[in-house]
Enquirer: 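Please see the structure below; I have some questions.
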Amino acid sequence: FHLAVYRSSDNYIVVSGAQGQNITVFNSLGHQVRATRGLGVEQKVYTGAKGVYIVKVGSKIMKVRL
């Protein structure tokens, strides 16, 4: 599966292709706001204030804007 992180139309951070991997979401200040595990092909992992978030999936790090 191709790993992707993006913002959905209903303003959630969505991770796809992360089955079995640890997913951690940090805000722009570097504070952890959510930690979960990849379950299905696609999952909503976080929604919150507007801004830039850093999503770490396994060892990969991606930025997404809400």
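Hydrogens, waters and symmetry mates are skipped; everything else that's a heavy atom, side chains included, is used.
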Enquirer: May I have the list of side-chain donor-acceptor pairs in residues 26-39 shorter than 3.5 Å, sequence neighbours left out?
Expert:
| residue | atom | partner | partner atom | Å |
| --- | --- | --- | --- | --- |
| Asn27 | OD1 | Leu29 | N | 3.0 |
| Asn27 | OD1 | Gly30 | N | 3.2 |
| Asn27 | OD1 | His31 | N | 3.0 |
| Arg34 | NH1 | Val45 | O | 2.6 |
| Arg37 | NH1 | Asn22 | OD1 | 2.6 |
| Arg37 | NH2 | Gly20 | O | 3.2 |

Enquirer: Tyr6 and Ser16: which non-hydrogen atoms are nearest, and at how many Å?
Expert: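 That would be CE2-OG, 4.3 Å.
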
Enquirer: Using the rule that Ile, Leu, Val, Met, Phe, Trp and Tyr join whenever any side-chain heavy atoms are under 4.5 Å apart, tell me whether Val5 and Ile23 fall into a single cluster.
Expert: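 Same hydrophobic cluster.
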
Enquirer: Can you name the nearest heavy-atom pair linking Ala18 to Leu3, along with the distance?
Expert: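 That would be CB-CD1, 3.9 Å.
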
Enquirer: Can you give each donor-acceptor pair under 3.5 Å made by side-chain atoms of residues 59-66, sequence neighbours left out, with the distance rounded to 0.1 Å?
Expert:
none

Enquirer: For residues Ile13 and Thr47, determine if any side-chain heavy atom of one lies less than 4.5 Å from a side-chain heavy atom of the other.
Expert: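 SC-SC contact between Ile13 and Thr47 ruled out.
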
Enquirer: Which residues pass the salt bridge (charged side-chain N to carboxylate O under 4.0 Å, His left out) test with Lys44, sequence neighbours left out?
Expert: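 Lys44 satisfies salt bridge (charged side-chain N to carboxylate O under 4.0 Å, His left out) with Asp10 only.
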
Enquirer: Measure the spacing between CD of Gln43 and OH of Tyr46 and express it to the nearest 0.5 Å.
Expert: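 Between Gln43 CD and Tyr46 OH, I get 15.5 Å after rounding to 0.5 Å.
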
Enquirer: Are Val55 and Val14 in one and the same hydrophobic cluster, where Ile, Leu, Val, Met, Phe, Trp and Tyr link if side-chain heavy atoms are under 4.5 Å apart?
Expert: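 They do not share one cluster, since no chain of ILVMFWY contacts under 4.5 Å joins Val55 to Val14.
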
